[in-house]
There are 2 protein chains.
Amino acid sequence: MTNTKLERQIAARLADGGVRLTTARAAVIHSLAAAEGPRSAAELYDDLSGSVPLSSLYRSLAVLEAAGILDPHHGTRGITRYELAEWLSGHHHHLVCVACGAVDDVRLSDAIEAALEHLVGEVTQSAAFAAEGHSLEIEGRCRRCA
Amino acid sequence: MTNTKLERQIAARLADGGVRLTTARAAVIHSLAAAEGPRSAAELYDDLSGSVPLSSLYRSLAVLEAAGILDPHHGTRGITRYELAEWLSGHHHHLVCVACGAVDDVRLSDAIEAALEHLVGEVTQSAAFAAEGHSLEIEGRCRRCA
DNA sequence: GTCGATAATAGGAACGATTCTCATTTTCAT
DNA sequence: ATGAAAATGAGAATCGTTCCTATTATCGAC
């Protein structure tokens with residue numbers, strides 16, 4: 001049905017690894033594309049009204065992560081949340097609520113992001129560390145928990 | 001026995017909450033002060049040669065976290081690692097190895113840190129988020145995994 | 001379009017990190 | 001010393017996640 005540019009990009013990437021874009025996997029990707037921030041397996045299970053069993057959900061997440069479609073994010077209580085990888089969703093950072101664990105995305109303005117990348121460059125130069133990415137986590141209280 | 005400045009700071013903070021600095025808790029703090037980076041409950045259990053049972057270890061970690069002595073750090077496979085809180089160990093950031101999961105501390109120069117805090121201020125202002133702290137995570141490959 | 005090989009699924013059992021329970025022990029202030 | 005409050009230890013329970021296995025769906029070759 002719907003066949004967006006995003007889906008074609010993803011299908012192509014999966015095909016490279018002999019991995020199929022099944023309805024369950026497409027549903028997961030749709031949910032994540034619509035979400036405001038990273039979602040856990042349990043949250044996705046609700047988002048999808050239980051139409052994808054938990055065991056399949058976990059397997060889908062693992063497969064999509066291995067294929068580079070999803071990025072994991074490790075939070076409190078051992079909960080792993082996933083979001084679309086940066087090459088699909090665009091580069092962004094995270095606001096993490098210390099009270100409820102919710103994570104929201106923030107996109108920095110070009111000027112601020114440029115300044116941040118400059119900082120990262122300076123840090124890694126002096127630390128002999130081969131940087132591949134960076135993420136600024138701002139901890140605090142979200143609106144609901146304020 | 002040993003009664004360092006660090007210990008006195010911690011004892012004072014705990015006393016404020018009617019929390020005792022027992023031998024088990026002191027041992028945990030010593031291990032963490034000597035460690036190069038965050039340690040998990042299982043790692044501390046080994047560090048202490050099992051002299052503190054796991055259930056007590058977890059309780060100690062929870063108490064010390066609640067008292068603001070330790071900061072948690074959530075990693076892969078649902079493992080939580082702890083390190084001394086920033087007011088004890090100094091503000092720093094993390095280099096996370098995407099290959100082996102190791103976490104190393106980096107301290108930014110004053111100038112860079114100031115610039116970063118300025119960025120955080122700008123971000124949170126526009127996001128209506130009550131920021132309490134921030135952490136820059138730089139992902140890449142450590143020397144061993146390069 | 002059917003066949004066979006390969007990939008994916010669903011359900012439940014198993015696992016491992018963490019948390020909880022509760023009876024016992026330690027500690028502190030008196 | 002004594003009683004109240006805090007801490008401990010051993011094991012059971014919890015919960016997110018992973019593993020196992022039998023069944024089902026999908027793709028390419030014919």
Side-chain angles (χ1 to χ4, degrees), chain A residues 1 7 10-31 38-67 69-82 100-103, chain B residues 1 7 10-29 38-67 69-82 101 103:
Chain A
M1 299 293 173
E7 278 169 358
I10 291 173
R13 174 90 162 224
L14 287 174
D16 280 351
V19 176
R20 294 169 188 163
L21 181 50
T22 63
T23 56
R25 291 170 188 171
V28 167
I29 290 167
H30 269 114
S31 271
R39 307 287 283 160
S40 67
E43 289 163 351
L44 287 167
Y45 183 79
D46 286 348
D47 292 350
L48 300 171
S49 324
S51 65
V52 177
L54 270 178
S55 69
S56 302
L57 205 35
Y58 277 108
R59 228 172 340 89
S60 294
L61 292 170
V63 166
L64 293 173
E65 180 190 349
I69 309 296
L70 302 183
D71 281 345
H73 182 271
H74 304 287
T76 53
R77 286 205 46 124
I79 293 175
T80 303
R81 290 162 205 271
Y82 292 87
C100 70
V103 182
Chain B
M1 299 293 172
E7 278 171 358
I10 291 173
R13 174 90 161 223
L14 287 174
D16 279 351
V19 175
R20 295 169 187 163
L21 180 50
T22 63
T23 55
R25 292 171 188 170
V28 167
I29 291 167
R39 306 286 283 163
S40 68
E43 288 161 353
L44 285 167
Y45 183 79
D46 285 349
D47 292 348
L48 300 171
S49 323
S51 64
V52 177
L54 269 179
S55 68
S56 303
L57 204 36
Y58 277 108
R59 220 162 350 85
S60 294
L61 291 170
V63 166
L64 294 173
E65 181 189 349
I69 309 297
L70 302 184
D71 280 345
H73 184 270
H74 305 286
T76 53
R77 285 205 48 119
I79 292 174
T80 304
R81 288 164 208 271
Y82 292 87
V103 181

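First the proteins, then the strands, lettered A, B, ... as listed; each starts at 1.
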Chemist: Are A:L14 and A:L64 close enough that some pair of their side-chain heavy atoms sits under 4.5 Å apart?
Modeler: yes
Chemist: Write down the distance between CG (B:D16) and P (D:dA6), rounded to a whole number of angstrom.
Modeler: 15 Å
Chemist: With a 4.0 Å limit, can you tell me whether A:R25 has a side-chain N or O closer than that to the phosphate oxygens OP1/OP2 of C:dA8?
Modeler: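 So the side chain of A:R25 is within the cut-off, an N or O lying under 4.0 Å from OP1 or OP2 of C:dA8.
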Chemist: Please state how far atom CG in B:L21 lies from atom C1' in D:dT8, giving the value in whole angstrom units.
Modeler: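 Atom CG in B:L21 sits about 15 Å away from atom C1' in D:dT8.
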Chemist: Can you build the contact string for nucleotides 21-30 of chain D? Use B for base contact, S for sugar-phosphate-only contact, and - for no protein heavy atom under 4.0 Å.
Modeler: -----BS---
Chemist: Mind checking if B:A62 touches a base, just sugar-phosphate, or nothing, with heavy atoms under 4.0 Å?
Modeler: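 B:A62: no heavy atom of the nucleic acid under 4.0 Å.
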Chemist: Taking the nucleotide of DNA chain C with the closest heavy atom to each, which residue, A:R77 or B:R77, is nearer the 5' end?
Modeler: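 Here B:R77 is the residue nearer the 5' end.
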Chemist: Indicate the atoms forming the closest heavy-atom contact of A:L57 with A:A41, along with that distance.
Modeler: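 Shortest heavy-atom contact: CD2-O, 3.5 Å.
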Chemist: CG of B:L61 versus C1' of D:dT8: gap in Å, rounded?
Modeler: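 Going from B:L61 (CG) to D:dT8 (C1'), I get 15 Å.
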Chemist: Any chance you could measure A:E65, atom CD, to A:D71, atom CG, to the nearest 0.5 Å?
Modeler: 8.0 Å
Chemist: Provide the closest heavy-atom pair for A:S40 versus A:R81 in the form atom of the first, atom of the second, distance.
Modeler: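 In this case the closest contact between A:S40 and A:R81 is N-CG, 3.6 Å.
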Chemist: Scan A:T80 against the nucleic acid and name what it touches under 4.0 Å (heavy atoms): base, sugar-phosphate only, or nothing.
Modeler: sugar-phosphate
Chemist: Extract the stems that DNA chain D is part of, considering only consecutive pairing runs of at least three Watson-Crick or G-U wobble pairs, both distances under 3.5 Å.
Modeler: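 C:1-30 with D:1-30 - these are the stems of 3 or more pairs that involve DNA chain D.
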Chemist: Between CD1 of A:I29 and CG of A:L21, what distance do you get to the nearest 0.5 Å?
Modeler: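 Result: 5.5 Å between the selected atoms.
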Chemist: Quick one: are A:Y82 and A:P72 in side-chain contact, heavy atoms under 4.5 Å?
Modeler: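 In contact.
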Chemist: Can you tell me how far the CD1 atom of A:I79 sits from the CD atom of A:E43, to the nearest 0.5 Å?
Modeler: 7.5 Å
Chemist: To the nearest 0.5 Å, how far apart are CG in B:L48 and OG in B:S56?
Modeler: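 Spacing of CG (B:L48) from OG (B:S56) equals 11.5 Å.
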Chemist: In whole angstroms, how far is the P atom of C:dA7 from the CG atom of A:L14?
Modeler: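 So the CG-P distance, A:L14 to C:dA7, works out to 14 Å.
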Chemist: Determine the minimum heavy-atom distance between B:S60 and B:V28, stating which atoms define it.
Modeler: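 The answer is CB-CG2, 4.5 Å.
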Chemist: Between residues 44-59 of chain A and DNA chain C, which residues have a heavy-atom gap below 4.0 Å?
Modeler: A:P53, A:S55, A:S56, A:R59
Chemist: Apply side chain to side chain contact (heavy atoms under 4.5 Å, CB included) to the pair A:L44 and A:L61, showing each step before the final yes or no.
Modeler: CA-CA 10 Å; A:L44 287 167; A:L61 292 170; 3.9 Å; yes
Chemist: Let me confirm one number: the CD1-CD1 distance from B:I69 to B:I10, rounded to the nearest 0.5 Å.
Modeler: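 So the CD1 of B:I69 and the CD1 of B:I10 are separated by 5.5 Å.
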Chemist: Report which part of the nucleic acid A:V19 touches: base, sugar-phosphate, or nothing (heavy-atom distance under 4.0 Å, all strands).
Modeler: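 Result for A:V19 = sugar-phosphate.
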Chemist: For B:Y82 and C:dT18, give me the distance from atom OH to atom P, rounded to whole Å.
Modeler: 7 Å
Chemist: To the nearest 0.5 Å, what is the distance between CZ on B:R25 and CZ on B:R59?
Modeler: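 Those atoms lie 8.0 Å apart.
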Chemist: What contact category does B:A42 fall into here, base, sugar-phosphate, or nothing, at under 4.0 angstrom with non-hydrogen atoms?
Modeler: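 Since no nucleic acid heavy atom lies under 4.0 Å of B:A42, the category is nothing.
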Chemist: Measure from NE2 on A:H74 to C1' on C:dA17 and round the result to the nearest Å.
Modeler: 14 Å
